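The structure displayed is predicted, hence computed values, not measured ones. Just so you know, ligand 1 is whichever comes first in the structure, and atom 1 is the first atom listed for that ligand.
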Amino acid sequence: MSGAAETERDQAVLMDDYEAGELAIEFDDKEPEDLLAWAFERFHPRLAIVTSFQIDTLVLIDMACQINRDVRVITVDTGRLPQETHDLIDRVRQKYGIEVEVRYPEAAHVEKMVRRNGMNLFRESVEKRLLCCHIRKVLPLQKALEDLDAWVTGLRRDQWATRSNIRKIDLDHDHGGIVKLNPLADWTHDDVWAYVREYDVPFHPLYEQGFTSLGCVPCTRPIQPGEDNRAGRWWWETNAPKECGMHCPIETGGFEHEVHAILGDQVDLKNLRD
Ligand code: SF4
């Protein structure tokens with residue numbers, strides 16, 4: 001079966017935009033646990049929480065473990081993460097008795113990207129930063145999502161302008177039409193931290209050093225008083241999206257040529273442009 005035909009089959013089995021819209025309305029005022037319980041019922045085991053170990057997805061892991069300890073948790077190790085993130089992965093494994101599926105970028109892609117562009121290419125231009133995010137994060141995520149019918153994220157509407165309209169249930173047309181669940185869409189920063197305190201959820205120690213968003217070491221720093229929560233990401237860039245392409249399509253701005261040079265025939269330029 002061709003990739004296109006397989007995608008059509010999978011979408012037919014999952015749900016269409018009409019049903020997704022109906023469910024989004026139905027669940028919009030429901031608790032995150034209600035949505036997770038429904039998702040387990042409908043999609044497990046082709047359902048996973050995808051996390052970079054920001055606090056929001058830690059809350060979701062805690063909630064999911066109350067429902068089903070077989071919860072699948074997937075993360076992408078870009079190769080540039082801080083030691084504290086690796087330590088937290090093990091704390092989560094131990095506290096909840098769950099496995100964490102750690103996915104990695106293709107070594108050959110990283111090698112070629114670095115050989116052609118240097119270790120710290122992300123400092124040179126927005127295009128090269130997006131290239132690095134694409135090779136190290138977006139492609140491993142895309143590969144992980146190919147085996148799922150639904151993924152759970154910690155996105156919230158109050159995080160960033162590009163996230164202000166997210167629904168709790170959506171079809172992810174950027175990833176083959178699988179279902180994307182955002183159970184905390186209507187939660188606030190304070191709601192999340194209240195839950196963490198009440199249920200003693202493990203959290204990343206860099207939050208206590210002024211970080212409000214976590215990621216790769218060279219691209220993340222603490223914010224200053226009065227700065228936006230996403231200001232600690234790629235702070236040297238101006239007029240660029242504070243996104244890596246995992247959660248929303250990015251105007252690529254011309255890195256297709258370099259991606260093509262690195263990935264060769266494997267590259268799907270349509271995906272890059274969508
Ligand atoms: Fe590369 Fe920085 Fe993106 Fe990490 S956050 S993948 S180091 S550009």
Is the distance from atom 4 (Fe) of ligand 1 to the nearest N/O/S atom of Cys216 under 2.8 Å?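 Yes, since at least one N, O or S atom of Cys216 sits under 2.8 Å from atom 4 (Fe) of ligand 1.
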What pair of heavy atoms forms the shortest contact from Ile169 to Phe27, and how long is it?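 Scanning both residues, the minimum pair turns out to be CD1-CD1, 3.6 Å.
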Straight-line distance of Asp77 CG to Thr85 OG1, nearest 0.5 Å: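 Asp77 atom CG to Thr85 atom OG1 measures 8.5 Å (nearest 0.5 Å).
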What atoms of ligand 1 come closer than 4.0 angstrom to any heavy atom of [X]?
{"X": "Arg129", "result": "8 (S)"}
{"X": "Trp234", "result": "2 (Fe), 5 (S)"}
{"X": "Cys219", "result": "2 (Fe), 5 (S), 7 (S), 8 (S)"}

Taking the six-membered ring for Trp and the full ring for Phe, Tyr or His, determine whether the centres of Trp234 and Phe122 are under 6.0 Å apart.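 No, they do not, as the ring centres are separated by 6.0 Å or more.
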Quick one: are Val59 and Val196 in side-chain contact, heavy atoms under 4.5 Å?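 Touching, per the 4.5 Å side-chain cut-off.
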Is any side-chain heavy atom of Trp38 less than 4.5 Å from a side-chain heavy atom of Leu23?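 Yes, at least one pair of side-chain atoms sits under 4.5 Å.
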Heteroatom N/O/S of Cys133 within less than 2.8 Å of atom 3 (Fe) of ligand 1: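 It does; at least one qualifying atom falls short of 2.8 Å.
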Could you tell me whether atom 2 (Fe) of ligand 1 has an N, O or S atom of Cys132 under 2.8 Å away?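 So Cys132 does not count as coordinating atom 2 (Fe) of ligand 1.
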Salt-bridge criterion met for Lys168 and Asp186 (N-O under 4.0 Å):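 The answer is yes: the pair qualifies as a salt bridge.
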Heavy-atom pairs closer than 4.0 Å: do any link ligand 1 to the side chain of Lys137, the backbone, both, or neither?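 Looking at Lys137 and ligand 1, just side chain atoms fall under 4.0 Å.
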